[in-house]
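The first residue of the sequence shown is numbered 1, and numbering continues consecutively from there.
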Amino acid sequence: TNESGGKVDYVFGYWYQKSELDSTTLVADPADIATLEGRPQRPDTPVVSDNTDETHALFGSMTFHLSDNLSVTAGARYTDAEKSANQMIASFPVIDDQTRAFSETTYKLNVQYHFSDAVMGYASLDRGFKSGGFNRQETLCFVLGAPFCLPEDRLTFDPETTDAFELGAKIDFADGRVRLN
């Protein structure tokens with residue numbers, strides 16, 4: 001990072017995140033569910049879910065101070081994510097075991113102009129990204145079968161990107177104690 005107040009400020013970095021979620025859900029035996037009596041006749045069946053999300057990203061941003069009043073910021077980020085999910089029922093082999101990978105380059109461009117010490121106008125263009133993933137398959141699907149299952153095309157969801165354009169101003173009043181955005 002360089003924020004020296006000179007002609008160029010910059011920041012470059014690397015992001016890493018790994019999350020794991022392991023859970024066990026006890027489900028009543030299908031015969032007990034089907035009778036709707038509410039009294040278990042057999043022991044509950046354990047359903048084990050393991051989910052992992054691992055993300056790496058490289059990012060950088062540079063602000064060019066073109067004059068005392070005008071600055072331009074440009075930035076980019078490359079994100080690489082991998083998600084895996086599996087579910088299994090103790091009395092069956094692995095039912096659902098999937099891995100998906102996602103990558104995207106996003107960007108930011110911002111122009112600021114200080115009309116005075118109290119008034120700054122700006123315009124920005126940003127692209128955002130969120131990786132896709134898995135819809136948790138309901139345990140009843142595995143225990144009771146097809147009528148309780150999500151359709152194949154709904155078991156996963158795709159990544160999302162957003163493009164945002166913003167035009168605005170920040171105006172200070174009352175000696176900087178009040179700001180209008």
Side-chain angles (χ1 to χ4, degrees), residues 1-23 25 49-87 96-138 141 149-181:
T1 300
N2 173 37
E3 294 182 14
S4 64
K7 293 288 182 189
V8 178
D9 294 329
Y10 57 86
V11 62
F12 296 97
Y14 169 76
W15 170 267
Y16 174 75
Q17 176 181 331
K18 182 174 183 178
S19 60
E20 296 179 9
L21 175 63
D22 300 328
S23 65
T25 305
S49 299
D50 297 314
N51 301 286
T52 303
D53 182 352
E54 190 167 9
T55 303
H56 302 265
L58 291 171
F59 61 90
S61 177
M62 297 181 78
T63 300
F64 302 92
H65 302 282
L66 304 177
S67 72
D68 289 342
N69 296 352
L70 179 64
S71 62
V72 176
T73 301
R77 175 184 169 118
Y78 175 76
T79 303
D80 184 54
E82 183 174 289
K83 293 185 177 188
S84 64
N86 70 57
Q87 280 190 322
D96 185 21
D97 189 8
Q98 299 182 42
T99 299
R100 295 184 72 195
F102 308 93
S103 61
E104 183 74 23
T105 300
T106 55
Y107 55 84
K108 175 182 182 132
L109 180 62
N110 179 283
V111 177
Q112 291 184 3
Y113 188 81
H114 291 266
F115 295 95
S116 69
D117 288 342
V119 179
M120 183 270 289
Y122 64 92
S124 67
L125 175 64
D126 295 279
R127 169 165 273 207
F129 169 71
K130 182 177 180 182
S131 62
F134 304 98
N135 286 320
R136 182 178 168 176
Q137 181 64 287
E138 295 301 323
C141 168
C149 296
L150 290 172
E152 187 71 29
D153 64 341
R154 292 188 51 209
L155 292 177
T156 62
F157 57 92
D158 292 332
E160 300 175 26
T161 57
T162 58
D163 293 311
F165 178 73
E166 188 175 351
L167 186 62
K170 296 180 184 280
I171 304 167
D172 292 334
F173 298 96
D175 296 322
R177 291 179 289 180
V178 177
R179 174 172 282 174
L180 175 65
N181 291 326

So, taking the atom named [atom1] in [X] and the one named [atom2] in [Y], what distance separates them when rounded to the nearest 0.5 Å?
{"X": "R179", "Y": "F173", "atom1": "CZ", "atom2": "CZ", "value": "11.0 Å"}
{"X": "H56", "Y": "T79", "atom1": "NE2", "atom2": "OG1", "value": "11.0 Å"}
{"X": "S61", "Y": "R77", "atom1": "OG", "atom2": "CZ", "value": "12.5 Å"}
{"X": "M120", "Y": "D172", "atom1": "CE", "atom2": "CG", "value": "9.0 Å"}
{"X": "F102", "Y": "K130", "atom1": "CZ", "atom2": "NZ", "value": "11.5 Å"}
{"X": "T52", "Y": "K83", "atom1": "OG1", "atom2": "NZ", "value": "11.5 Å"}

Requested in this report: Hey, can you tell me if Y113 and F115 have their rings parallel, tilted or perpendicular (30° and 60° cut-offs)?
Outcome: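 Rings of Y113 and F115: perpendicular, as their planes differ by over 60°.
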**Report entry** Donor on one side chain, acceptor on other, D9 and H65, under 3.5 Å
**Finding:**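 The answer is yes; a qualifying pair exists.
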Report summary line: Correct closest heavy-atom pair for Y78 and S103 would be OH-CB, 3.3 Å
Requested in this report: Give a yes or no on whether D117 atom CG has more than 12 heavy-atom contacts from other residues, nucleotides or ligands under 6.0 Å away.
Outcome: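 It does not: D117 CG has 12 such atoms or fewer within range.
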Query raised in the report: Would you find more than 12 non-hydrogen atoms of other residues, nucleotides or ligands less than 6.0 Å from D22 atom CG?
Result: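 Counting neighbours around CG of D22, more than 12 heavy atoms of other residues, nucleotides or ligands fall under 6.0 Å, so yes.
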If we only count heavy atoms from C-beta on, is the [X] to [Y] side-chain gap below 4.5 Å?
{"X": "E82", "Y": "T99", "answer": "yes"}
{"X": "L70", "Y": "F64", "answer": "no"}
{"X": "D126", "Y": "S124", "answer": "yes"}

Requested in this report: Would you mind telling me which of Q112, E166, K170 makes a side chain to side chain donor-acceptor pair (under 3.5 Å) with Y122?
Outcome: E166
Query raised in the report: Can any side-chain N or O of R100 pair as donor or acceptor with the backbone N or O of G133 at less than 3.5 Å?
Result: yes
